[in-house]
Asks: 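Let me begin by handing over the structure; questions about it come next.
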Number of protein chains: 2
Amino acid sequence: MSASLIQHFRKLTTVNDSDVNAILSYFKSIQVRKKESLLENADVCRSNYFVVKGCLRMFFVNEKGVEQTTQFAIENWWLADYMSFQTQSSSEFCIQAVEKSDLMMIDFHDQERLMSEFPTMERYFRIISQKANAASQRRIKFMYDYSKEDQYRHFNNSFPEFTQRIPQYLLASYLNFTPEYLSEIRKKTFLKLV
Amino acid sequence: MSASLIQHFRKLTTVNDSDVNAILSYFKSIQVRKKESLLENADVCRSNYFVVKGCLRMFFVNEKGVEQTTQFAIENWWLADYMSFQTQSSSEFCIQAVEKSDLMMIDFHDQERLMSEFPTMERYFRIISQKANAASQRRIKFMYDYSKEDQYRHFNNSFPEFTQRIPQYLLASYLNFTPEYLSEIRKKTFLKLV
DNA sequence: CGGTCTCTTGACGGAGTTCAAAGCTAGTGG
DNA sequence: CCACTAGCTTTGAACTCCGTCAAGAGACCG
């Protein structure tokens with residue numbers, strides 16, 4: 001399970017064979033079941049999670065009690081509430097497994113120590129972070145640019161296999177509209193195909 | 001002008017006095033006038049900009065020809081289209097000065113060299129990047145959670161002096177609604193106060 | 001002072017929500 | 001391995017937030 005993490009490090013930076021074990025000792029490998037929680041509302045986000053296999057989601061609960069999914073993480077993605085993680089203050093988000101998942105995790109303090117001890121890890125997390133930023137800028141652009149219907153179409157075209165993999169109501173929640181409206185769009189799309 | 005950049009480095013990491021000049025030599029200091037462009041549509045985003053004084057904005061032009069502002073940067077913030085910057089590929093955004101501004105800038109390749117030469121700069125940009133990520137996650141949450149009216153109220157309460165500083169139509173654009181609707185909200189807010 | 005941006009007003013329309021109810025599907029226990 | 005139930009998806013009608021369009025009132029700059 002750690003193999004896929006090391007592989008990811010090596011895609012973005014260089015890691016000496018002699019350092020691999022020392023680096024891996026900072027991480028813990030865990031398995032979670034479907035719907036298992038990794039971060040509950042108002043807790044501190046103590047760990048940063050790397051998805052080896054499976055899928056996580058981050059969400060918050062709005063004043064009406066509805067869960068709003070703001071982020072998914074699939075294979076080779078990191079996920080945490082970075083505001084809470086960095087300041088080790090209480091989070092407004094929850095993190096939950098969408099499917100049975102294999103994860104690698106690292107605590108905030110361990111990650112800090114890891115980065116001081118191994119400059120290449122500082123570099124790795126800098127690159128990860130910049131990539132995440134680029135993705136956020138792009139995502140925000142889509143939120144400005146596309147109607148909800150277009151956002152669905154775009155997402156569907158970009159990640160067709162992922163759309164199949166998760167329940168529709170989670171996708172609706174991620175795209176910030178109601179399951180009812182998603183249903184309407186799907187019907188429209190289907191009618192066009194016939 | 002470089003003083004404020006160094007000060008910012010030192011807020012987040014440690015910089016030896018003996019390294020200051022070598023580090024600063026990677027940066028260029030420039031002044032731009034109001035409405036001056038730093039990145040034009042379809043160009044590569046070659047530089048990362050640090051605002052010493054003034055205000056920048058990033059926007060794109062939608063298919064109707066309307067400018068959609070997705071980000072502002074004021075004193076002590078960095079701004080770039082990170083997708084374009086990192087891959088040195090053509091950008092979908094434009095960057096422009098909202099006010100006459102003093103900036104520090106660094107090219108992509110220089111930033112890469114700077115980070116290899118000075119691990120503390122690798123660390124600095126890692127921290128900057130993580131902070132930006134935290135801010136994006138929070139911003140995306142607000143976009144999900146609040147109605148447009150509430151987004152205006154929230155922004156207004158969070159940055160009252162900034163709301164005064166920029167034209168209303170730019171704020172409307174940033175909050176992703178029309179100047180007409182902003183006007184309506186302001187009227188409502190005003191009537192409540194009376 | 002004249003002209004070009006910027007902000008306001010109001011009428012109208014449409015994308016997307018809400019609510020309620022009925023059909024489906026998949027996971028669980030027997 | 002089947003049956004039952006809880007949770008997911010679909011439908012449709014009514015409603016609302018917010019965009020569009022058009023036109024007028026200010027405000028700022030040369």
Side-chain angles (χ1 to χ4, degrees), chain A residues 32-36 54-55 57 59 61-69 96-100 142-156 162-194, chain B residues 33-36 55 57 59 61-69 96-100 142-156 162-194:
Chain A
V32 288
R33 275 165 309 162
K34 190 172 175 173
K35 302 219 171 175
E36 195 170 330
C55 178
R57 72 183 178 113
F59 63 94
V61 180
N62 70 15
E63 67 285 2
K64 288 179 191 155
V66 177
E67 292 181 359
Q68 297 274 6
T69 300
Q96 221 180 54
V98 175
E99 316 167 339
K100 179 181 175 213
F142 289 145
M143 292 171 90
Y144 279 75
D145 206 11
Y146 292 165
S147 71
K148 305 222 158 174
E149 186 172 339
D150 287 344
Q151 287 185 38
Y152 170 72
R153 296 245 155 78
H154 179 84
F155 189 89
N156 225 359
F162 184 69
T163 309
Q164 304 306 320
R165 187 168 155 186
I166 58 165
Q168 298 300 315
Y169 74 100
L170 282 186
L171 183 54
S173 165
Y174 175 75
L175 295 172
N176 198 16
F177 51 72
T178 57
E180 289 93 331
Y181 188 57
L182 178 56
S183 200
E184 202 178 313
I185 297 173
R186 280 158 63 83
K187 189 178 163 191
K188 245 197 287 185
T189 311
F190 176 72
L191 288 178
K192 269 190 196 160
L193 293 176
V194 180
Chain B
R33 276 164 308 161
K34 191 173 173 171
K35 301 219 173 177
E36 193 169 330
C55 178
R57 72 182 178 113
F59 63 94
V61 180
N62 71 16
E63 68 283 5
K64 289 178 190 157
V66 177
E67 292 181 358
Q68 297 275 6
T69 301
Q96 220 179 56
V98 174
E99 316 166 340
K100 179 180 176 214
F142 289 145
M143 292 172 90
Y144 279 76
D145 206 12
Y146 293 163
S147 70
K148 305 224 157 174
E149 187 171 338
D150 287 343
Q151 287 185 38
Y152 170 72
R153 296 245 156 79
H154 178 84
F155 189 89
N156 224 0
F162 185 69
T163 308
Q164 303 307 319
R165 188 168 155 185
I166 58 166
Q168 297 300 315
Y169 74 97
L170 281 186
L171 183 54
S173 166
Y174 174 74
L175 294 172
N176 198 17
F177 52 73
T178 56
E180 289 93 331
Y181 188 58
L182 179 55
S183 201
E184 202 179 313
I185 297 174
R186 282 158 62 85
K187 189 179 164 191
K188 245 197 286 186
T189 311
F190 177 71
L191 288 178
K192 270 190 194 159
L193 293 176
V194 180

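Keep in mind it's a predicted model, so treat the numbers as computed, not measured. All chains are named by letter (A, B, ...) in the order of the sequence lines, taking the proteins before the strands, and each is independently numbered beginning at 1.
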Asks: Closest nucleotide of DNA chain C for B:Pro179 versus for A:Tyr146: which of these residues is on the 5' side?
Replies: B:Pro179
Asks: If each of B:Glu180 and A:Leu170 is mapped to the nucleotide of DNA chain D with the nearest heavy atom, which maps nearer the 5' terminus, i.e. the 5' end?
Replies: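 The residue closer to the strand's 5' end, by nearest nucleotide, is A:Leu170.
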Asks: Just verifying a value: how many Å separate A:Ile185 CD1 and A:Asp150 CG, rounded to the nearest 0.5 Å?
Replies: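 The distance works out to 9.0 Å.
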Asks: At less than 4.0 Å, is any side-chain N or O atom of A:Arg186 found next to OP1 or OP2 of D:dT9? Yes or no.
Replies: no
Asks: Can you tell me if A:Lys187 touches the phosphate of D:dT9, counting only side-chain N or O atoms and a distance under 4.0 Å to OP1 or OP2?
Replies: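 False: A:Lys187 side-chain N/O out of range (4.0 Å or more) of D:dT9 OP1/OP2.
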Asks: Using the benzene-type ring in the case of Trp, are the ring centres of B:Tyr152 and B:Phe177 under 6.0 Å apart?
Replies: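 Between B:Tyr152 and B:Phe177, the centre distance exceeds or equals 6.0 Å.
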Asks: Please identify the 5'-most and 3'-most nucleotides of DNA chain C with any atom under 4.0 angstrom from a heavy atom of chain A.
Replies: C:dG16 to C:dG27
Asks: Looking at every strand, decide which applies to B:Glu184 at a 4.0 Å heavy-atom threshold: base, sugar-phosphate, or nothing.
Replies: nothing
Asks: Taking atom CD of A:Gln164 and atom CG of A:Leu171, what is their separation to the nearest 0.5 Å?
Replies: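 Taking CD in A:Gln164 and CG in A:Leu171, the distance rounds to 10.0 Å.
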Asks: Rounded to whole Å, how long is the line connecting atom CD of B:Gln68 with atom C1' of D:dG19?
Replies: 12 Å
Asks: Starting at CG of B:Leu175 and ending at P of D:dC18, how long is that distance when rounded to a whole Å?
Replies: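 Checked: the CG to P distance equals 12 Å.
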Asks: Could you grab the distance from atom CD of A:Glu99 to atom CZ of A:Arg57, nearest 0.5 Å is fine?
Replies: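 Interatomic distance, A:Glu99 CD to A:Arg57 CZ, rounded to 0.5 Å: 12.5 Å.
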Asks: Please check the phosphate of D:dG19 (OP1 and OP2 only) for any side-chain N or O of B:Lys64 closer than 4.0 Å.
Replies: no
Asks: Rounded to whole Å, please give me the gap between OH in B:Tyr152 and C1' in D:dG19.
Replies: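 My rounded result for the distance is 19 Å.
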Asks: Is A:Glu36 reaching over with its side chain to a backbone N or O of A:Ala97, donor-acceptor style, under 3.5 angstrom?
Replies: no
Asks: Could you check how far CZ of A:Phe177 sits from P of D:dT10, rounded to whole Å?
Replies: 12 Å
Asks: Under 4.0 Å from OP1 or OP2 of D:dG19: is there any side-chain N or O of B:Tyr181 that close?
Replies: no
Asks: Mind calculating the distance between CD1 (B:Ile185) and C1' (D:dC17) to the nearest angstrom?
Replies: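 Going from B:Ile185 (CD1) to D:dC17 (C1'), I get 10 Å.
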Asks: Regarding B:Lys35, tell me which of base, sugar-phosphate or nothing describes its non-hydrogen contacts under 4.0 Å with the strands shown.
Replies: sugar-phosphate
Asks: Dot-bracket for DNA chain C, please, read 5' to 3', with Watson-Crick or G-U wobble pairs under 3.5 Å on both distances, ( ) within the strand, [ ] crossing, | other strand, . unpaired.
Replies: ||||||||||||||||||||||||||||||
Asks: Look at all strands and tell whether B:Asn176 reaches a base, only sugar-phosphate, or nothing, counting heavy atoms closer than 4.0 Å.
Replies: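 Contact class for B:Asn176: sugar-phosphate only.
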Asks: Return the set of residues passing side-chain hydrogen bond (donor to acceptor under 3.5 Å, both in side chains) with A:Thr163 (not counting sequence neighbours), or none when no residue passes.
Replies: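 A:Thr163: side-chain hydrogen bond (donor to acceptor under 3.5 Å, both in side chains) contacts with A:Asn156.
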Asks: Within this structure, what is the CD-CD distance for the pair A:Glu180 and A:Glu184, rounded to the nearest 0.5 Å?
Replies: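 Taking CD in A:Glu180 and CD in A:Glu184, the distance rounds to 10.0 Å.
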Asks: So if I take every side-chain heavy atom of A:Tyr169 and compare against D:dA22, D:dT9, D:dC18, which nucleotide ends up nearest?
Replies: D:dT9
Asks: Atom CE in A:Met143, atom NZ in A:Lys148: separation rounded to 0.5 Å?
Replies: 8.0 Å
Asks: Quick one: does any side-chain atom of B:Thr69 pair with a main-chain N or O of B:Ser173 as donor and acceptor, under 3.5 Å?
Replies: no
Asks: Between A:Lys188 (NZ) and D:dG12 (P), how many Å, whole number?
Replies: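 The distance from NZ of A:Lys188 to P of D:dG12 comes to 14 Å, rounded to the nearest Å.
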Asks: I need the single residue from B:Tyr169, B:Phe162, B:Phe155 that forms a ring-ring contact (aromatic ring centres under 6.0 Å, His included) with B:Tyr174. Which is it?
Replies: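 For B:Tyr174, the ring-ring contact (aromatic ring centres under 6.0 Å, His included) check succeeds only for B:Phe155.
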